[in-house]
Structure formats: C-alpha cells, structure tokens
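See structure below.
Counting starts at 1 for both ligands and their atoms, in listed order.
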Amino acid sequence: MIEIVNLHKRYGQFEVLKGINLTIERGNTVVVIGPSGSGKTTFLRCLNLLEIPTEGTITLGNQQLTFGDGKRIAEDKQIAFRQQTGMVFQSYNLFPHMTALENVMEGQVTVLKRPKETARKKAFDLLEKVGLKDWAGMYPHQLSGGQQQRVGIARAMAMDPAVLLFDEPTSALDPELVGDVLRVMKDLAREGMTMVVVTHEMNFARHVADQVIFIDQGVIAEQGPPEQIFEHTKNERTLQFLNKLTGESL
Ligand SMILES: Nc1ncnc2c1ncn2[C@@H]1O[C@H](COP(=O)(O)OP(=O)(O)OP(=O)(O)O)[C@@H](O)[C@H]1O
Ligand SMILES: [Mg+2]
C-alpha cells in the first residue's frame, strides 16, 4: 500500500502541489488526469524522489519518509525508497549505446548487483513479456517509438519495483503504436502490478483504472472510480476538462 499525506512541493514562492492526500491499495491502478501545468509530473517525480517534496509524508510498504522543516532525508534512505519505484518516461530515456537486452540488464547488474546471467535471463523473460523477444539485440535507434517504450517498461519491471510510475507513456508515439504499449500496461495491471499512470488515454482510464484522480492547480479536485468521473461527475472543473479533451479529439 502507498499512503500519501499532505504532500506539498514548492519552487521558491510558487507552490505546485498544495496538499495531496491519496491512498493506493496494492495491485491497484490509479490514473492521474488534469490540465497542463496542474502538477501531474511533479506529483510522480515526488513519488520517486526525483523531486524532494517540501512537506508531507509518503509511506511505501514498510518505508516511511516525512518531509519538511528543512529536514534532509539521508542518502541511503532515499536510495532504498527510490528502488521501490520504477519510472517510465514519455521520452523512453533508453541508453542509446546499449541493446534492448543490455538496457534491461543494466540496472539489475549495477544497482541490484545481480549476477550477469541472472540479469540476462530476467531481461529476456521481460522482453518476451512485452512482445520483443526477437528484438533483444537491437539498439534503440533500430526500434520504433512503441518498441522503445516497451523496452522502457521492461527495464522498469526488471528492478522488481513495488510500484510503477508512468508519465504520459504514449503521448510521444504515432497513433498506430499506442495500442501495443497500452496492451502491455493493461496486462501488468491485470497481473496485479501497482501502477500510477498520468495519461490522456481516456479509454485506458475507463477500462483499466481502479481509481481516477483529477488534479487541478496542485490539488486533487476529484477522485473516484472511472464510472463516477466519466459518467456521473458533478464537479464543474472535471466536466470542463473532459469536455475540452473530447473537443480536441473531434
Ligand atoms: N523545476 C521546476 N522549477 C520551477 N517550476 C517548476 C519546475 N518543475 C515544474 N514547475 C512548474 O510546476 C507546474 C506544474 O508542472 P508539471 O510539469 O508538474 O505539470 P503537468 O501537470 O505535468 O503538465 P503537463 O500536462 O503539461 O505535463 C508548472 O507551472 C511548472 O512550470
Ligand atoms: Mg507532465
């Protein structure tokens, strides 16, 4: 379980996150939606400590971190915490000089100190899982965006994280490549991976999310199961946002 209590993030005078409270049950998929600039990426980055929150508490499994009062979190605690989270970026961020297989092996060997053979076996299994067994020896520039993103997912999974964080994983892809990536994510959700996904793919949100949260101006303006958000919302800001999305896709 992940528990986020009163999470704030400020950059100087500018407060991006203004007190986020959220509990994520193990095995659940939470989809995060909201307007550009509302704080979605910042929220994800705070969850894996790419950004250090200004205030608040995050509990992940048996690790709890409390931020604020100028308190510094010890480096080893940060590393242990970060290892529990896997991040999948919009822009894939693969190592260009390594094959797909080596990309999925790298963190296992350097961070987790797994023997190379163990890491290679796991990397192959994960590449097979994301439908890329036959592409293991290719370099990123030889792969399509959708294939690169699936390598990115395999790489994140290879670290056995307690939660996978996705920041608009399909928004850089050509439309015909989106489906393959979403299918992999849907499979992971079905298998019980805990996931937090920032996306504009409303069909994915409708069919895969256990919970949808709508972030607006740094707060959760509404949260609930997809039926509530998409069919029954009475929240003016949620309605406006969803109508705008529908308008853009027409
Ligand atoms: N390092 C930073 N320093 C200062 N301000 C920042 C920093 N990172 C983000 N911000 C500001 O925080 C706000 C929220 O940014 P964030 O990237 O979290 O939004 P978002 O909801 O992910 O938007 P988008 O949908 O466009 O990706 C923005 O106004 C942004 O300018
Ligand atoms: Mg963003």
>> Going by a strict under-4.0 Å cutoff (protein heavy atoms only), does atom 2 (C) of ligand 1 have a neighbour on the protein?
In response: yes
>> Using a 4.0 Å heavy-atom cut-off, which part of F14 comes near ligand 1: side chain, backbone, both, or neither?
In response: side chain
> Hey, is the Mg ion (ligand 2) within less than 2.8 Å of some N/O/S atom on T41?
Replying inline: yes
> Got a protein heavy atom sitting under 4.0 Å from atom 31 (O) of ligand 1?
Replying inline: no
> Pick from T99, L101, N103: which one makes a side chain to side chain contact (heavy atoms under 4.5 Å, CB included) with V151?
Replying inline: N103
> Of the protein's non-hydrogen atoms, which lies at the shortest distance from atom 10 (N) of ligand 1, and what is that distance?
Replying inline: Y11 CE1, 3.7 Å
>> Out of all atoms in ligand 1, which are within 4.0 Å of some heavy atom of G39? Include the element for each.
In response: 14 (C), 18 (O), 19 (O), 20 (P), 21 (O)
>> Less than 4.0 angstrom from a charged side-chain N to a carboxylate O is my criterion; do D125 and K121 meet it?
In response: yes
> Just distances here: any N/O of T41 and N/O of ligand 1 closer than 3.5 Å?
Replying inline: yes
> Would K122 and D160 pass as an ion pair if we require N to O under 4.0 Å?
Replying inline: yes
> What do the steps show when you test E191 against K129 for side-chain contact (heavy atoms from CB on, under 4.5 Å), and what is the final call?
Replying inline: CA-CA 12 Å; E191 288 165 19; K129 191 178 168 65; 2.4 Å; yes
>> Using a strict threshold of under 4.0 Å (side-chain N to carboxylate O), is an ion pair present between K234 and E222?
In response: no
> Is there a nitrogen or oxygen of G34 sitting under 3.5 Å from a nitrogen or oxygen of ligand 1?
Replying inline: no
>> Among L17, T42, V198, which one puts a heavy atom closest to atom 16 (P) of ligand 1?
In response: T42
>> Any side-chain to backbone donor/acceptor pair from T194 onto V163? Under 3.5 Å, distance only.
In response: no
> Going by the order shown, which atoms of ligand 1 are within less than 4.0 Å of some heavy atom of P35?
Replying inline: 21 (O)
> With the threshold set at 4.0 Å, does a side-chain nitrogen-carboxylate oxygen contact exist between E15 and K18?
Replying inline: no
> Got a second to check how far L188's CG is from T29's OG1, nearest 0.5 Å?
Replying inline: 8.5 Å
> To the nearest 0.1 Å, how far is atom 26 (O) of ligand 1 from its closest protein heavy atom, and which atom is that?
Replying inline: S36 OG, 2.6 Å
> Side chain or backbone of E168 under 4.0 Å from ligand 1, or both, or neither, by non-hydrogen atoms?
Replying inline: side chain
> Does the side-chain hydrogen bond (donor to acceptor under 3.5 Å, both in side chains) test come out yes or no for T59 and Q64, once each step is laid out?
Replying inline: CA-CA 4 Å; T59 311; Q64 183 172 74; 2.9 Å; yes
> Which heavy atom of the protein is the closest neighbour of atom 12 (O) of ligand 1, given with residue, atom name and distance?
Replying inline: V16 CG2, 3.1 Å
> Are any of the side-chain nitrogens in E55 or K71 under 4.0 Å away from the carboxylate oxygens of its partner?
Replying inline: no
>> Please list the nearest protein heavy atom to atom 14 (C) of ligand 1 with its residue and the distance rounded to 0.1 Å.
In response: G37 O, 3.3 Å
> What residue and heavy atom of the protein are closest to atom 25 (O) of ligand 1, and at what distance?
Replying inline: K40 NZ, 2.7 Å
